[in-house]
Number of protein chains: 2
Amino acid sequence: MTAAHDPRQNYLLAALPAEDLERVSKRLKLVELPLGEALYESGSHQRAVYFPTTAIVSLLYTLADGSSVEIAVVGNEGIIGVSLFMGGETTPSRAVVQSAGYAYRWQGKFLKEEFTLGGPMQHVLLRYTQALLTQMAQTAVCNRHHSVDQQLCRWLLLSLDRLVGNELVMTQELIANMLGVRREGVTEAAGHLQSAGLIKYSRGRIKVLDRAGLEARTCECYAVVKKEFDRLLPAITQYY
Amino acid sequence: MTAAHDPRQNYLLAALPAEDLERVSKRLKLVELPLGEALYESGSHQRAVYFPTTAIVSLLYTLADGSSVEIAVVGNEGIIGVSLFMGGETTPSRAVVQSAGYAYRWQGKFLKEEFTLGGPMQHVLLRYTQALLTQMAQTAVCNRHHSVDQQLCRWLLLSLDRLVGNELVMTQELIANMLGVRREGVTEAAGHLQSAGLIKYSRGRIKVLDRAGLEARTCECYAVVKKEFDRLLPAITQYY
DNA sequence: CCGTTTATGTTCGGTATCGTACACAACTTC
DNA sequence: GAAGTTGTGTACGATACCGAACATAAACGG
């Protein structure tokens, strides 16, 4: 297994000039993120950030009554723990591994040192944070105006973009938690998509058969977020 | 009218050490923001940022079908135009003056110069941006889980926190646009609050009679956001 | 192989919000 | 003070989603 793991599998790290990446990489530690692990809890002091490579992580808010909502999803295009460089140290959200995989862990101390240099890393992190802002805002809009069917499509597409292959390991129950709706609502919506031949699922495995079909059926929110990520992140490479 | 206007009416500016504030102030220009003015439109290149003193500005997303939602509200505790220092230059949202008043305008060029110094201004702006992130995330949660009644309370409280006095100039129609619900829904919710003796309104003027009552009736979202702002922003002054 | 757990399917009444339509009342304009 | 505009009140059926209860069916563990 040669070159199985490389920091450049993460987009933000890949966007760094060689010398910066080399300096940073010395401090990175590859970690395995099992499904369901919480990288941090609401309000807890965060000690490190994570650059996912193959893992996908959800940012969730949990209400006093126990109900929850996903407000953003982070994969190999991003970083978990923006509050460490934004200055707040903690956030009211939780970060939970939605799809098992790997990530590079970076101590908060080293992150802050690098951030204050004001170089490419700072630039990349801030641009990513703006993309994250857009994703959260669009989630707010989507929660207000769109149907569960549309939101399920959006969610599948966002996850798909952060995975290799076309299969997700995820029960309807968990998707319901993410979307903040009932499990039955997801069953129904997923049923629609399956009858339409867009997906095929069974017991926690969802295979996407017709990606274009999902894109046609979802709301504009997916496209807005995707476009904004494409606008903000490729531009990274033009910085130098 | 002595001392009618002072940059320190804005919290972020007030948080700067004297020498920084003095340097920055030379470039600030006081502007009047009339009700309904758009400080920037979706996707348009932003040339300046605004530090409100007495004005309140809503960040709105508008959908293809014309419906809209407020995703955050900014008053004298914040700044309009975070994308200028985050690096994206534009955002998909609009910024509309919700309550007429004043703000200090700062050219993007000067902002960027100051930001790259990495001093107190950068620190303050990033912390504020994190607070904004929290507000957006909580809006997403609230849109999913809470009733119009609760959201109206939250909205009134957030506006009240950014105003002097207890009266808002705002029609139910406009509030409905902000919350992303029908005007009739707001009429009904406002009726509930009025019968309960919490507010009194007529033709675009809303007087809050019982603030504590509103706090009791709203969802936890208001408190979460408020607490997070209090945590992130007072801490600014402990930076030096 | 059998019992248990886990994932999904189905039903049913309840409710919040929607979309639409229209009435009325207050302020504005001429 | 008549006419128009603007802000609010009310009523109606339609519908998307909820909460709860229960049914089936696939995987798992002994």
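Below, chain A is the first sequence line, B the second, and so on; all start at residue 1. What you see is a predicted model, and the numbers here were worked out from it, not measured in a lab.
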Min side-chain heavy-atom separation B:S93-B:S42 under 4.5 Å:
no
Does B:R203 make a side-chain donor-acceptor contact with the base of D:dT6, cut-off 3.5 Å?
yes
Whole-Å distance separating the CG atom of A:L179 from the C1' atom of D:dC18:
15 Å
Tell me whether the rings of A:Y128 and A:F229 are parallel (<30°), tilted (30 to 60°) or perpendicular (>60°).
perpendicular
Between N or O atoms, less than 3.5 Å apart, protein on one side and nucleotides 28-30 of chain C on the other: list the pairs.
none

Let me know the distance between CG of B:L35 and C1' of D:dT6, rounded to the nearest Å.
14 Å
Cationic tip of B:R162 within the cone over B:Y11's six-membered ring, i.e. under 6.0 Å and within 45° of the normal?
no
Considering only heavy atoms, which members of residues 143-159 of chain A lie under 4.0 Å from some atom of DNA chain D?
A:S147, A:V148
CZ/B:R8: more than 12 non-hydrogen atoms of other groups inside 6.0 Å
no
B:T134: which residues meet the side chain to side chain contact (heavy atoms under 4.5 Å, CB included) condition with it, sequence neighbours left out?
A:Y61, A:P92, B:E228
Whole Å only: how far is the CE atom of B:M170 from the P atom of D:dT6?
17 Å
Any residue meeting side chain to side chain contact (heavy atoms under 4.5 Å, CB included) with A:L198, in chain and number order, not counting sequence neighbours:
A:L193, A:A196, A:D210, A:L214, A:R217
Remember a base hit wins even if backbone is also touched, and classify B:G204 as base, sugar-phosphate or nothing at under 4.0 Å, heavy atoms.
sugar-phosphate
Distance check needed: D:dG7 P versus B:I175 CD1, whole Å only.
12 Å
Rounding to the nearest 10°, end axes of the helix from C:dC1-D:dG30 to C:dC30-D:dG1 built from five pairs each make an angle of 30°
Check: protein-nucleotides 22-24 of chain D nitrogen or oxygen pairs below 3.5 Å:
none

Could you check how far NE2 of A:H192 sits from C1' of D:dA16, rounded to whole Å?
11 Å
Nucleotide C:dA7, atom C1' - distance to NZ of A:K200 in whole Å:
15 Å
Is the shortest side-chain N/O distance from B:Y201 to OP1 or OP2 of D:dG9 below 4.0 Å?
yes
Pairing donors with acceptors under 3.5 angstrom, does anything connect the side chains of B:S58 and B:E70?
yes
Compare the minimum distances between each of C:dG9, D:dT8, C:dG19 and the side chain of B:R182, then state the nucleotide with the smallest one.
C:dG19
How about B:T187 and B:Q172: does a side-chain donor come under 3.5 Å of a side-chain acceptor?
yes
For A:L193 and C:dG9, what is the distance between atoms CG and P respectively, to the nearest whole Å?
12 Å
Per B:Q172 side chain, nearest of listed nucleotides D:dG7, D:dG9, C:dT8:
D:dG9
Evaluate whether atom CD of B:E188 has more than 12 neighbouring non-hydrogen atoms of other residues, nucleotides or ligands under 6.0 angstrom away.
no
In whole angstroms, the gap separating C1' of C:dG9 from CD of A:E188 amounts to 11 Å
